[in-house]
Amino acid sequence: MTIKDVKDALGARYVCGEELQDTEVHAACGSDMMSDVLAFMKDRSVLLTGLCNPQVIRTAEMMDIVCIVFVRGKKPDDTMIEMARERDIVLLCSGHRMFSACGLLYEKGLRGGSPYR
Amino acid sequence: MNEKIILNYNVDSDDFTRAGEASGNVKRNLKLMGVDPDIVRRVAISLYEGEINMVIHSNGGAIEVIISPTEIEMILKDEGPGIEDTELAMQAGYSTAPDNIRSLGFGAGMGLPNMKKNSDELKIESKVGVGTTVTMKVFIS
Ligand SMILES: Nc1ncnc2c1ncn2[C@@H]1O[C@H](COP(=O)(O)OP(=O)(O)OP(=O)(O)O)[C@@H](O)[C@H]1O
Ligand SMILES: [Mg+2]
(Lines give C-alpha, C1' and ligand atoms only; values in the text may rest on other atoms or scores of the structure.)
(Ligands and ions follow the chains in the order given, each with its own letter.)
Protein backbone atom coordinates (compact mmCIF):
# COMPACT_ATOMS: atom_id res chain seq x y z
CA MET A 1 0.00 0.00 0.00
CA THR A 2 1.06 3.61 -0.49
CA ILE A 3 1.37 6.49 1.97
CA LYS A 4 -1.79 7.94 0.43
CA ASP A 5 -3.65 4.70 1.27
CA VAL A 6 -2.40 5.03 4.87
CA LYS A 7 -3.63 8.60 5.02
CA ASP A 8 -7.04 7.70 3.61
CA ALA A 9 -7.49 4.67 5.89
CA LEU A 10 -6.81 6.83 8.95
CA GLY A 11 -8.63 9.94 7.77
CA ALA A 12 -5.33 11.66 8.56
CA ARG A 13 -3.92 14.93 7.24
CA TYR A 14 -0.49 15.71 5.81
CA VAL A 15 1.84 17.86 7.88
CA CYS A 16 4.56 17.60 5.25
CA GLY A 17 5.74 15.40 2.41
CA GLU A 18 2.47 15.18 0.47
CA GLU A 19 4.53 15.02 -2.76
CA LEU A 20 5.88 11.63 -1.60
CA GLN A 21 2.40 10.12 -1.19
CA ASP A 22 2.89 7.42 -3.84
CA THR A 23 5.78 5.83 -1.91
CA GLU A 24 5.12 2.16 -1.10
CA VAL A 25 5.16 1.03 2.53
CA HIS A 26 5.74 -2.61 3.42
CA ALA A 27 5.11 -2.83 7.16
CA ALA A 28 4.08 -0.82 10.18
CA CYS A 29 4.97 -0.47 13.83
CA GLY A 30 3.13 1.30 16.64
CA SER A 31 5.12 2.45 19.67
CA ASP A 32 5.80 5.36 21.99
CA MET A 33 9.18 3.87 22.89
CA MET A 34 11.92 4.72 20.42
CA SER A 35 14.10 2.08 22.13
CA ASP A 36 11.70 -0.59 20.86
CA VAL A 37 11.41 0.93 17.41
CA LEU A 38 15.21 0.88 17.07
CA ALA A 39 15.40 -2.71 18.23
CA PHE A 40 12.52 -4.32 16.35
CA MET A 41 11.38 -2.35 13.38
CA LYS A 42 11.74 -3.37 9.74
CA ASP A 43 12.83 -1.47 6.67
CA ARG A 44 10.64 0.98 4.71
CA SER A 45 7.92 1.02 7.30
CA VAL A 46 5.33 3.37 8.69
CA LEU A 47 5.75 4.36 12.32
CA LEU A 48 2.66 5.14 14.38
CA THR A 49 3.44 6.99 17.58
CA GLY A 50 1.98 9.21 20.27
CA LEU A 51 5.45 10.50 21.14
CA CYS A 52 6.21 13.93 19.76
CA ASN A 53 9.83 15.06 20.00
CA PRO A 54 12.81 15.48 17.61
CA GLN A 55 14.15 12.01 18.43
CA VAL A 56 11.13 10.49 16.68
CA ILE A 57 12.37 12.06 13.45
CA ARG A 58 15.96 10.98 14.14
CA THR A 59 14.85 7.42 14.88
CA ALA A 60 12.92 7.41 11.59
CA GLU A 61 16.04 8.68 9.81
CA MET A 62 18.24 5.88 11.17
CA MET A 63 15.65 3.17 10.45
CA ASP A 64 14.79 4.35 6.91
CA ILE A 65 11.20 4.92 8.02
CA VAL A 66 9.35 6.65 5.19
CA CYS A 67 6.28 7.91 7.04
CA ILE A 68 5.40 8.84 10.63
CA VAL A 69 1.78 8.97 11.81
CA PHE A 70 1.22 10.98 14.98
CA VAL A 71 -1.82 9.52 16.74
CA ARG A 72 -4.13 10.98 19.42
CA GLY A 73 -4.03 14.36 17.65
CA LYS A 74 -0.37 15.01 18.54
CA LYS A 75 1.14 17.85 16.49
CA PRO A 76 4.84 18.08 15.61
CA ASP A 77 6.45 21.51 16.08
CA ASP A 78 8.27 23.56 13.41
CA THR A 79 11.70 22.13 14.31
CA MET A 80 10.41 18.59 13.79
CA ILE A 81 8.66 19.48 10.53
CA GLU A 82 11.84 21.09 9.20
CA MET A 83 13.87 18.02 10.18
CA ALA A 84 11.38 15.72 8.46
CA ARG A 85 11.40 17.83 5.28
CA GLU A 86 15.20 17.70 5.08
CA ARG A 87 15.08 13.91 5.38
CA ASP A 88 12.18 13.23 2.98
CA ILE A 89 10.04 11.76 5.75
CA VAL A 90 6.26 12.16 5.38
CA LEU A 91 4.42 13.34 8.52
CA LEU A 92 0.74 12.57 9.07
CA CYS A 93 -1.57 13.58 11.92
CA SER A 94 -4.51 11.43 12.99
CA GLY A 95 -7.08 11.91 15.71
CA HIS A 96 -7.33 8.13 16.25
CA ARG A 97 -5.83 6.49 19.31
CA MET A 98 -2.99 4.04 18.82
CA PHE A 99 -5.06 0.85 18.97
CA SER A 100 -7.67 2.05 16.50
CA ALA A 101 -5.10 3.49 14.09
CA CYS A 102 -3.14 0.21 14.05
CA GLY A 103 -6.37 -1.76 13.61
CA LEU A 104 -7.49 0.32 10.65
CA LEU A 105 -4.18 -0.28 8.85
CA TYR A 106 -4.17 -3.97 9.73
CA GLU A 107 -7.62 -4.25 8.23
CA LYS A 108 -6.24 -2.83 4.99
CA GLY A 109 -3.63 -5.58 4.87
CA LEU A 110 -0.59 -3.88 6.43
CA ARG A 111 1.40 -6.15 8.76
CA GLY A 112 4.02 -5.73 11.46
CA GLY A 113 6.57 -8.35 10.53
CA SER A 114 7.26 -11.76 12.04
CA PRO A 115 6.77 -12.37 15.80
CA TYR A 116 9.70 -11.72 18.11
CA ARG A 117 11.37 -14.77 19.61
CA MET B 1 38.17 4.67 -1.80
CA ASN B 2 41.57 3.37 -0.77
CA GLU B 3 42.48 5.68 2.07
CA LYS B 4 40.81 5.98 5.41
CA ILE B 5 38.26 8.70 5.99
CA ILE B 6 37.97 9.97 9.55
CA LEU B 7 34.95 11.84 10.88
CA ASN B 8 34.96 13.55 14.29
CA TYR B 9 32.09 14.86 16.43
CA ASN B 10 31.60 16.34 19.87
CA VAL B 11 28.64 15.10 21.89
CA ASP B 12 27.13 17.33 24.59
CA SER B 13 25.40 15.67 27.48
CA ASP B 14 21.77 16.61 28.07
CA ASP B 15 21.36 18.26 24.65
CA PHE B 16 18.52 15.92 23.79
CA THR B 17 17.30 17.85 20.74
CA ARG B 18 20.68 17.57 19.01
CA ALA B 19 21.27 13.94 19.99
CA GLY B 20 21.67 11.97 16.79
CA GLU B 21 23.29 14.72 14.73
CA ALA B 22 26.56 12.84 14.50
CA SER B 23 24.86 9.57 13.54
CA GLY B 24 22.74 11.32 10.91
CA ASN B 25 25.82 12.97 9.44
CA VAL B 26 27.71 9.68 9.30
CA LYS B 27 24.73 8.01 7.65
CA ARG B 28 24.53 10.71 4.95
CA ASN B 29 28.28 10.47 4.29
CA LEU B 30 28.20 6.67 3.93
CA LYS B 31 25.23 6.91 1.57
CA LEU B 32 27.09 9.44 -0.59
CA MET B 33 30.09 7.10 -0.70
CA GLY B 34 27.84 4.41 -2.10
CA VAL B 35 28.25 2.00 0.82
CA ASP B 36 25.77 -0.91 0.82
CA PRO B 37 22.42 0.24 2.34
CA ASP B 38 22.30 -2.65 4.80
CA ILE B 39 25.75 -1.73 6.16
CA VAL B 40 24.75 1.94 6.32
CA ARG B 41 21.65 1.05 8.31
CA ARG B 42 23.53 -1.15 10.78
CA VAL B 43 26.13 1.56 11.34
CA ALA B 44 23.44 4.23 11.75
CA ILE B 45 21.46 2.22 14.31
CA SER B 46 24.51 1.19 16.36
CA LEU B 47 25.98 4.67 16.36
CA TYR B 48 22.69 6.37 17.19
CA GLU B 49 22.12 4.06 20.18
CA GLY B 50 25.63 4.86 21.37
CA GLU B 51 25.22 8.58 20.80
CA ILE B 52 21.91 8.64 22.70
CA ASN B 53 23.61 6.79 25.57
CA MET B 54 26.32 9.46 25.70
CA VAL B 55 23.69 12.21 25.85
CA ILE B 56 21.48 10.49 28.42
CA HIS B 57 23.95 8.67 30.65
CA SER B 58 27.31 10.44 30.32
CA ASN B 59 28.88 13.83 30.95
CA GLY B 60 29.55 14.21 27.23
CA GLY B 61 32.43 13.21 25.01
CA ALA B 62 33.47 12.64 21.43
CA ILE B 63 32.79 10.27 18.56
CA GLU B 64 35.33 9.23 15.95
CA VAL B 65 34.31 7.21 12.91
CA ILE B 66 37.01 5.65 10.75
CA ILE B 67 35.85 4.51 7.34
CA SER B 68 38.15 2.19 5.40
CA PRO B 69 37.45 -0.04 2.38
CA THR B 70 37.01 -3.10 4.59
CA GLU B 71 35.36 -1.83 7.76
CA ILE B 72 33.73 1.04 9.61
CA GLU B 73 35.04 1.61 13.10
CA MET B 74 33.18 3.77 15.62
CA ILE B 75 34.85 5.00 18.79
CA LEU B 76 32.60 6.67 21.36
CA LYS B 77 34.57 8.11 24.26
CA ASP B 78 32.91 9.92 27.15
CA GLU B 79 34.06 11.66 30.30
CA GLY B 80 32.17 9.67 32.90
CA PRO B 81 30.49 8.68 35.15
CA GLY B 82 31.45 5.22 33.81
CA ILE B 83 29.61 1.90 34.08
CA GLU B 84 30.02 -0.15 37.24
CA ASP B 85 29.06 -3.55 35.81
CA THR B 86 29.31 -3.69 32.02
CA GLU B 87 28.03 -7.28 31.87
CA LEU B 88 24.86 -6.24 33.68
CA ALA B 89 24.50 -3.16 31.46
CA MET B 90 24.60 -5.43 28.40
CA GLN B 91 21.55 -7.40 29.57
CA ALA B 92 18.35 -6.66 27.67
CA GLY B 93 15.99 -4.66 29.86
CA TYR B 94 18.62 -3.34 32.26
CA SER B 95 18.41 0.44 32.52
CA THR B 96 19.20 3.12 35.06
CA ALA B 97 17.41 5.79 33.00
CA PRO B 98 15.10 7.98 35.11
CA ASP B 99 11.36 8.35 34.38
CA ASN B 100 11.77 11.65 32.53
CA ILE B 101 13.96 9.84 29.97
CA ARG B 102 11.35 7.12 29.59
CA SER B 103 8.72 9.75 28.82
CA LEU B 104 11.01 10.91 25.99
CA GLY B 105 10.87 7.44 24.43
CA PHE B 106 14.12 5.92 25.70
CA GLY B 107 15.32 3.91 28.67
CA ALA B 108 14.06 0.40 27.88
CA GLY B 109 17.50 -1.11 28.38
CA MET B 110 17.59 -2.20 24.75
CA GLY B 111 20.38 0.03 23.43
CA LEU B 112 23.52 -1.97 24.20
CA PRO B 113 21.97 -5.32 23.12
CA ASN B 114 20.87 -3.62 19.90
CA MET B 115 24.39 -2.27 19.34
CA LYS B 116 25.71 -5.81 19.75
CA LYS B 117 23.13 -7.14 17.32
CA ASN B 118 23.86 -4.57 14.62
CA SER B 119 27.65 -4.46 14.81
CA ASP B 120 30.21 -7.17 14.08
CA GLU B 121 32.38 -6.25 17.06
CA LEU B 122 31.53 -4.40 20.26
CA LYS B 123 33.94 -3.57 23.04
CA ILE B 124 33.10 -1.59 26.18
CA GLU B 125 35.88 -0.26 28.37
CA SER B 126 34.69 1.63 31.40
CA LYS B 127 36.09 3.00 34.61
CA VAL B 128 33.80 4.48 37.26
CA GLY B 129 34.64 8.14 37.84
CA VAL B 130 36.71 8.29 34.64
CA GLY B 131 34.60 7.37 31.62
CA THR B 132 33.44 4.86 29.07
CA THR B 133 34.81 4.01 25.65
CA VAL B 134 32.60 1.98 23.35
CA THR B 135 34.27 0.68 20.20
CA MET B 136 32.21 -0.91 17.45
CA LYS B 137 33.12 -2.31 14.06
CA VAL B 138 30.96 -3.15 11.08
CA PHE B 139 32.74 -5.10 8.36
CA ILE B 140 32.12 -4.29 4.73
CA SER B 141 31.25 -7.39 2.63
N1 LIG C 1 28.03 5.96 28.07
C2 LIG C 1 27.51 5.51 29.22
N3 LIG C 1 27.89 6.04 30.40
C4 LIG C 1 27.38 5.58 31.57
N5 LIG C 1 26.46 4.60 31.66
C6 LIG C 1 26.04 4.02 30.52
C7 LIG C 1 26.52 4.45 29.24
N8 LIG C 1 25.93 3.67 28.28
C9 LIG C 1 25.10 2.84 28.93
N10 LIG C 1 25.17 3.02 30.27
C11 LIG C 1 24.46 2.26 31.32
O12 LIG C 1 24.02 1.02 30.76
C13 LIG C 1 22.59 0.89 30.89
C14 LIG C 1 22.05 0.12 29.71
O15 LIG C 1 22.23 0.86 28.49
P16 LIG C 1 21.25 0.61 27.27
O17 LIG C 1 21.63 1.50 26.16
O18 LIG C 1 21.23 -0.86 26.97
O19 LIG C 1 19.81 0.99 27.85
P20 LIG C 1 19.21 2.43 28.14
O21 LIG C 1 20.04 3.48 27.49
O22 LIG C 1 18.99 2.56 29.60
O23 LIG C 1 17.79 2.34 27.42
P24 LIG C 1 17.54 2.34 25.82
O25 LIG C 1 18.86 2.19 25.15
O26 LIG C 1 16.63 1.19 25.57
O27 LIG C 1 16.90 3.64 25.51
C28 LIG C 1 22.10 2.33 31.00
O29 LIG C 1 20.83 2.41 31.62
C30 LIG C 1 23.21 2.95 31.83
O31 LIG C 1 23.07 2.61 33.20
MG1 LIG D 1 20.56 3.30 25.45
Side-chain angles (χ1 to χ4, degrees), chain A residues 23-27 29-45 47-66 68-72 74-89 91 98 113-117, chain B residues 11 14-31 36-53 55-57 74 91-97 99-119 138:
Chain A
T23 310
E24 285 282 335
V25 296
H26 304 304
C29 164
S31 181
D32 290 353
M33 281 301 276
M34 293 305 109
S35 303
D36 286 345
V37 175
L38 285 162
F40 302 121
M41 203 160 157
K42 297 210 308 182
D43 213 356
R44 297 194 69 76
S45 306
L47 169 64
L48 295 95
T49 187
L51 188 73
C52 204
N53 68 42
Q55 295 312 325
V56 178
I57 314 286
R58 299 242 193 240
T59 299
E61 175 184 14
M62 305 310 155
M63 303 298 289
D64 297 316
I65 288 167
V66 290
I68 304 169
V69 180
F70 293 98
V71 297
R72 304 197 288 273
K74 291 280 165 67
K75 288 187 183 67
D77 64 17
D78 291 345
T79 312
M80 291 172 65
I81 297 170
E82 189 54 38
M83 284 172 71
R85 280 218 174 91
E86 284 168 9
R87 291 162 177 80
D88 285 333
I89 297 167
L91 301 186
M98 180 69 93
S114 49
Y116 181 67
R117 278 170 247 276
Chain B
V11 179
D14 297 323
D15 194 347
F16 186 74
T17 303
R18 286 187 54 205
E21 259 182 22
S23 308
N25 189 276
V26 169
K27 182 169 187 186
R28 279 189 292 280
N29 272 293
L30 292 175
K31 250 186 177 167
D36 176 77
D38 186 55
I39 303 272
V40 175
R41 194 174 132 100
R42 285 170 54 210
V43 168
I45 295 171
S46 316
L47 191 57
Y48 181 57
E49 292 274 19
E51 187 178 355
I52 290 276
N53 277 356
V55 172
I56 291 175
H57 305 296
M74 300 164 262
Q91 283 180 19
Y94 176 83
S95 176
T96 58
D99 282 347
N100 72 307
I101 294 299
R102 225 149 275 141
S103 67
L104 292 171
F106 292 90
M110 296 304 298
L112 288 171
N114 202 27
M115 286 153 76
K116 189 168 174 63
K117 187 177 100 186
N118 280 289
S119 61
V138 173

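Atom set for the values below is all heavy atoms of this structure, side chains included, hydrogens, waters and symmetry mates excluded. As the structure is a prediction and not an experimental result, all values here were calculated from the model.
- Using a 4.5 Å cut-off between non-hydrogen atoms, the part of residues 53-66 of chain A that approaches chain B consists of A/Asn53, A/Pro54, A/Gln55, A/Arg58, A/Thr59, A/Glu61, A/Met62, A/Met63, A/Asp64.
- Residue A/Asp78 places its CG atom among 12 or fewer non-hydrogen atoms of other residues, nucleotides or ligands, all under 6.0 Å distant.
- Across every non-hydrogen atom of A/Asp36 and B/Ala108, the tightest pair is OD1-CB, 4.4 Å.
- Within a 6.0 Å sphere centred on NZ of B/Lys117, other residues, nucleotides and ligands contribute more than 12 heavy atoms.
- Using a 4.5 Å cut-off between heavy atoms, A/Leu38 touches chain B through backbone and side chain atoms alike.
- Of all the listed residues (B/Arg28, B/Glu21, B/Arg102, B/Arg18), the one sharing the greatest number of non-hydrogen pairs under 4.5 Å with chain A is B/Glu21.
- The heavy-atom pair separating B/Gly107 from A/Met33 by the smallest distance is C-CE, 4.2 Å.
- Note that NZ of B/Lys27 and CZ of A/Arg87 are 10.5 Å apart. Values are rounded to the nearest 0.5 Å.
- At a heavy-atom separation below 4.5 angstrom, chain A is approached by B/Ile45, B/Tyr48, B/Glu49, B/Ile52 within residues 45-52 of chain B.
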